[in-house]
Peer 1: 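The structure follows.
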Amino acid sequence: MRLHWHRRDLRAADNAGLARASADNPALPVFVFDSDVLAHAGPPRVAFMLDALSRLREWYRERDSDLVVARGDPREVLPELAADYGADRVSWGKDYSGLARERDAAVRRALDDAAIAREAVQNAVLHEPGEITTNDGDPYSVFTYFGRKWQDREKAAPYDPPAADELVTVTDDTDLPTLDALGFDEPEADIPPAGTGPARELLDAFLDDGVYSYEERRDYPADGNTSRLSAHLKYGTIGIREVYEGTAEARDAVEPGSERDESVAEFQSQLAWREFYTQVLFANPNVVTRNYKEYEHPIQWNDDPEALQAWKDGETGYPIVDAGMRQLREEAFMHNRVRMIVASFLTKDLLIDWREGYDWFREKLVDHDTGNDNGGWQWAASTGTDAQPYFRIFNPMTQGERYDPDAEYIKRYVPELRDAGAEIIHEWHEASLTQRRSAAPDYPDPIVDHSERREEAIEMFEVARGDD
Ligand SMILES: Cc1cc2nc3c(=O)[nH]c(=O)nc-3n(C[C@H](O)[C@H](O)[C@H](O)COP(=O)(O)OP(=O)(O)OC[C@H]3O[C@@H](n4cnc5c(N)ncnc54)[C@H](O)[C@@H]3O)c2cc1C
């Protein structure tokens, strides 16, 4: 008998590790609450994960099996569980962050010491770090070339879920712990339903329609025209092979080279970005806390707790920024275009270190993914791979005007601006005090002057570069 250790693969379908574990022996699925991993989590993610676990458990129970849950250090828990249930092998899906790899190496040693066979399989990405490299065999630091190769490579088909007779018949009476028992508060935001069912509903609805206008509309936050699959991809409540297969079918259904076909390809390209950042993280585990890009001198970020707090609270007086930051608090999610705008605002208008923003996102996002979050922040801060050049600074007003022309998204999240016209909202920084007070008396004045801060940001980077 074999154990399958669920981690970031909280699903039964399209699960390579589970399929392998159950191939010629019944498999026993297990999940371990590991306090070292939980120490890095925030309430939205733990709530999502608990929901995913409860639905996965239900799936197993309908097949007279169970998801065995344990708490502790996997180095101790897994050999113990293997001994208790008479398992001779443990499988799991590979994870690619530095911390995850350290943990996995320790688990491998513990299982070796206990003479239990083990197998870590590719289960979270279509192409693993190391698979798509430059012609010299180095990891890519520029997306374009990586993305092209990624598109051209053949993709694996999804795996079937195990049949009931491929699972160990077992009952585990241990309740799943509550958020409170794990030491977390209730999340401030409404957390979307987890599990494969809700993930498939999102995917099917998106592939039916949204994907064909994705390329044209993906940057407009009021439309909501993206898949919203990020938390599901993070926790593996749906398999990446299954998602990709859906997109391949969506392309097969339309004329090759048509706008609709290209729109689906654009969506596939976002899946490639996810794998690009995974390989960046794999090759450079310390980007979690350090700039990817070296500057001659340290960047002299501002230490400004008040401005940081205003940013977190969505009280900066820059409407698109505030809408994004409030969406984050309400939904534990933020639209991609707006993530770029708020990240640019923190680093280039408030001149605050990207690590402050990354930490806030890590705590508040339901989809926080180390590679993607870090990649996004370092891109915005001009410190990352293939990053925004330091002198190209987003103007939050023109960004708002271009991508939310009717201020529909802004008004959804900033009630103080609901009665104001789109024009004054996009010109808030230029309006007189009297105009502001009459249009939206409760909405704050801009906390900084964008034009001034833009100059300061460029200077800050030039000093860091060692320019004269
Ligand atoms: C500062 C910043 C922080 C970010 N933090 C995260 C994060 O913690 N977790 C996360 O999954 N994404 C992050 N992103 C990328 C992106 O914003 C989200 O993946 C996207 O908004 C999720 O919504 P969706 O699932 O509807 O995306 P869709 O547009 O439907 O895209 C489908 C999937 O492709 C992947 N993807 C899309 N855009 C990107 C991108 N730019 N980089 C890498 N992968 C991408 C995601 O897995 C996403 O679910 C961040 C971006 C920025 C600028």
Side-chain angles (χ1 to χ4, degrees), residues 8 40-42 44-45 48 97 124-126 143 146-147 150 192 198-199 202-203 205-207 209-221 223-240 243-244 246-247 250 263-281 288 311 321 324-325 327-328 331-348 354-388 394 399:
R8 276 185 55 187
H40 297 268
R45 281 184 288 139
F48 188 87
S97 73
V125 287
L126 290 160
F143 175 75
F146 175 91
W150 186 94
L202 285 175
L203 178 66
F206 180 68
L207 292 176
D209 183 27
V211 74
Y212 294 117
S213 50
Y214 180 79
E215 188 171 29
E216 195 192 335
R217 301 301 304 169
R218 61 182 289 259
D219 272 322
Y220 295 87
D223 285 14
N225 195 36
T226 63
S227 70
R228 297 288 286 243
L229 281 171
S230 46
H232 293 286
L233 289 172
K234 156 77 192 201
Y235 284 100
T237 42
I238 193 160
I240 188 65
V243 172
Y244 186 83
T247 66
S263 185
V264 188
E266 178 62 30
F267 177 72
Q268 290 176 333
S269 168
Q270 302 313 310
L271 303 178
W273 268 103
R274 173 176 172 268
E275 303 198 359
F276 173 71
Y277 282 139
T278 301
Q279 57 103 50
V280 169
L281 177 66
V288 178
W311 177 82
V321 173
M325 297 309 293
Q327 181 182 23
L328 177 61
E331 298 174 11
F333 180 87
M334 197 192 301
H335 184 275
N336 179 58
R337 168 61 49 181
V338 191
R339 291 187 204 206
M340 289 156 69
I341 298 170
V342 305
S344 174
F345 187 82
L346 185 80
T347 52
K348 310 283 178 59
W354 62 266
R355 281 160 275 239
E356 295 282 0
Y358 173 76
D359 282 349
W360 184 246
F361 271 29
R362 188 162 59 90
E363 193 181 324
K364 292 289 172 193
L365 278 174
V366 68
D367 65 16
H368 163 76
D369 171 280
T370 312
N372 286 356
D373 208 354
N374 189 270
W377 272 101
Q378 295 227 38
W379 178 87
S382 304
T383 57
T385 39
D386 212 355
Q388 176 89 318
F394 273 7
Q399 287 284 318

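Each ligand, and each atom within it, is numbered from 1 in the order the structure gives. Nothing fancy with the numbering, it's 1 onward along the sequence.
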Peer 1: Ignoring hydrogens, what is the shortest heavy-atom contact between M334 and Q327? Give both atom names and the distance.
Peer 2: CA-OE1, 3.4 Å
Peer 1: Do ligand 1 and F361 have nitrogen or oxygen atoms that lie under 3.5 Å from each other?
Peer 2: no
Peer 1: Among all the protein's non-hydrogen atoms, which is closest to atom 14 (N) of ligand 1, and how far away is it?
Peer 2: R339 NH1, 3.7 Å
Peer 1: With a 6.0 Å cut-off on the ring centroids, do F143 and W273 count as close?
Peer 2: yes
Peer 1: Identify, by atom number and element, the atoms of ligand 1 in contact range of L271, meaning under 4.0 Å from any of its heavy atoms.
Peer 2: 33 (C), 34 (O)
Peer 1: Against the six-membered ring of F333, is R339 placed for a cation-pi contact (under 6.0 Å from the centre, within 45° of the normal)?
Peer 2: yes
Peer 1: Are any of the N/O atoms on S227, whether in the backbone or the side chain, positioned under 3.5 angstrom from an N/O atom of ligand 1?
Peer 2: yes
Peer 1: In terms of residue, atom name and distance, what is the protein heavy atom nearest to atom 39 (C) of ligand 1?
Peer 2: Q270 OE1, 3.9 Å
Peer 1: Return the residue, atom name and 0.1 Å-rounded distance of the protein heavy atom closest to atom 11 (O) of ligand 1.
Peer 2: N372 ND2, 3.1 Å
Peer 1: Please say which of W354, W311, W360 ends up in a side chain to side chain contact (heavy atoms under 4.5 Å, CB included) with L346.
Peer 2: W311
Peer 1: In terms of residue, atom name and distance, what is the protein heavy atom nearest to atom 3 (C) of ligand 1?
Peer 2: D373 OD1, 3.2 Å
Peer 1: I'd like to know whether ligand 1 has R218 as a neighbour, heavy-atom separation below 4.0 Å.
Peer 2: no
Peer 1: Looking at every heavy atom in both S344 and F394, which two are closest together, and how far apart are they?
Peer 2: OG-CB, 3.5 Å
Peer 1: Is D367 close to ligand 1, meaning an N/O of one under 3.5 Å from an N/O of the other?
Peer 2: yes
Peer 1: To which protein heavy atom is atom 2 (C) of ligand 1 closest, and what is the distance rounded to 0.1 Å?
Peer 2: G376 CA, 3.7 Å
Peer 1: Any atoms of ligand 1 less than 4.0 Å from a non-hydrogen atom of R228? List them with their elements.
Peer 2: 24 (P), 25 (O), 26 (O)
Peer 1: Measure the acute angle between the ring planes of Y214 and F267, then classify it against the limits of 30° and 60° as parallel, tilted or perpendicular.
Peer 2: perpendicular
Peer 1: Say whether Y214 and ligand 1 are in contact under the criterion: heavy-atom distance to a ligand atom below 4.0 Å.
Peer 2: yes
Peer 1: Is it the case that E275 and Q279 place a side-chain donor and acceptor less than 3.5 Å from each other?
Peer 2: no
Peer 1: Using heavy atoms and a threshold below 4.0 Å, how should the contact between V342 and ligand 1 be classified: side chain, backbone, both, or neither?
Peer 2: neither
Peer 1: Pull out every atom of ligand 1 sitting under 4.0 Å from any heavy atom of R274, numbered as shown with elements.
Peer 2: 43 (C), 44 (N), 47 (O)
Peer 1: Between D219 and R337, does at least one N-O distance fall below 4.0 Å, as a salt bridge requires?
Peer 2: yes
Peer 1: Just heavy atoms, cut-off under 4.0 Å: does F276 contact ligand 1 by side chain, backbone, both, or neither?
Peer 2: neither
Peer 1: Can a donor-acceptor pair be found, under 3.5 Å and without considering hydrogens, that links the side chain of W150 to the backbone of Q268?
Peer 2: no
Peer 1: Keeping the roles fixed (side chain from H368, backbone from D359), state whether a donor-acceptor pair exists under 3.5 Å.
Peer 2: no
Peer 1: Heavy-atom contacts with N336 under 4.0 Å: which atoms of ligand 1 show up? List them by number with element.
Peer 2: 15 (C), 16 (C), 17 (O), 21 (O), 41 (N), 51 (C)
Peer 1: Using a 4.0 Å cutoff against the non-hydrogen atoms of S230, which atoms of ligand 1 qualify?
Peer 2: 11 (O), 22 (C), 23 (O), 25 (O), 49 (O)
Peer 1: Short list, please: which atoms of ligand 1 are under 4.0 Å from a heavy atom of L233?
Peer 2: 47 (O), 49 (O)
Peer 1: Quick one: does any side-chain atom of E331 pair with a main-chain N or O of L328 as donor and acceptor, under 3.5 Å?
Peer 2: no
Peer 1: Would you find a donor on one side and an acceptor on the other, under 3.5 Å apart, between the side chain of N225 and the backbone of S213?
Peer 2: yes
Peer 1: Give the atom numbers and elements of ligand 1 that come within less than 4.0 Å of a heavy atom of F267.
Peer 2: 30 (O), 31 (O), 32 (C)
Peer 1: Using a strict 4.0 Å cut-off to heavy atoms of D369, name the atoms of ligand 1 that fall inside it.
Peer 2: 7 (C), 8 (O), 9 (N)
Peer 1: Does W273, backbone or side chain, put an N or O under 3.5 Å from an N or O of ligand 1?
Peer 2: no
Peer 1: Classify the side-chain pair Q378/T383 by whether it contains a donor and acceptor separated by less than 3.5 Å.
Peer 2: yes
